[in-house]
Amino acid sequence: MNINVSFRNSFINQDDVTTLLPTLEIPTYKEYGVLQFDSLNYEGQPLDFSANMLLQTIEEKSAAWLKWI
């Protein structure tokens, strides 16, 4: 299964993620509040992918580039 997605100007309430996906045990950082993704790109398979994001929180703006192989 190949996945190729791009999001722009999207918001994530961290509590929603942990409620909807409890078995993944994704950590919640309540001090950052709602996360705003200016951009989020994911390409690949579930366990072989690359992703990049530009993320804003109440505190700051961050960028990350990830590659999982």
Here the pair of heavy atoms bringing Q45 nearest to M1 is CG-O, 3.2 Å
If you apply the rule side-chain contact (heavy atoms from CB on, under 4.5 Å), what do you find for I12 with V34, and how did you get there?
CA-CA 6 Å; I12 296 178; V34 174; 6.0 Å; no
Please examine the side chains of V5 and N41, heavy atoms only from C-beta on, and report whether any two atoms are closer than 4.5 Å.
no
Gap between atom CD of Q14 and atom CG of L35 - 0.5 Å precision
4.0 Å
Can you tell me how far apart CG (L54) and CG (L40) are? Round to the nearest 0.5 Å.
10.5 Å
Can you list the steps and then say if D38 with R8 is a side-chain contact (heavy atoms from CB on, under 4.5 Å)?
CA-CA 5 Å; D38 291 338; R8 303 262 183 251; over 6 Å; no
Between the OG atom in S10 and the CG atom in L55, the distance rounded to the nearest 0.5 Å is 11.5 Å
Given 3.5 Å as the limit, does a donor-acceptor pair link the side chain of T18 with the main chain of D15, or not?
yes
In sequence, state the C-alpha distance, the side-chain angles, and the governing distance for D16 and T19, and then conclude on side-chain contact (heavy atoms from CB on, under 4.5 Å).
CA-CA 5 Å; D16 290 345; T19 300; 5.5 Å; no
Are L20 and F11 connected, step by step, through hydrophobic side chains (Ile, Leu, Val, Met, Phe, Trp, Tyr) whose heavy atoms are closer than 4.5 Å?
no
Any side-chain donor-acceptor pair under 3.5 Å between N2 and E43?
no
Between M53 and F37, what is the shortest heavy-atom contact and its length?
SD-CE2, 3.6 Å
Nearest 0.5 Å please: distance from the CD1 atom of I26 over to the OG1 atom of T23.
8.5 Å
Reported OH-to-CD1 distance for the pair Y42 and I3, which is rounded to 0.5 angstrom:
4.5 Å
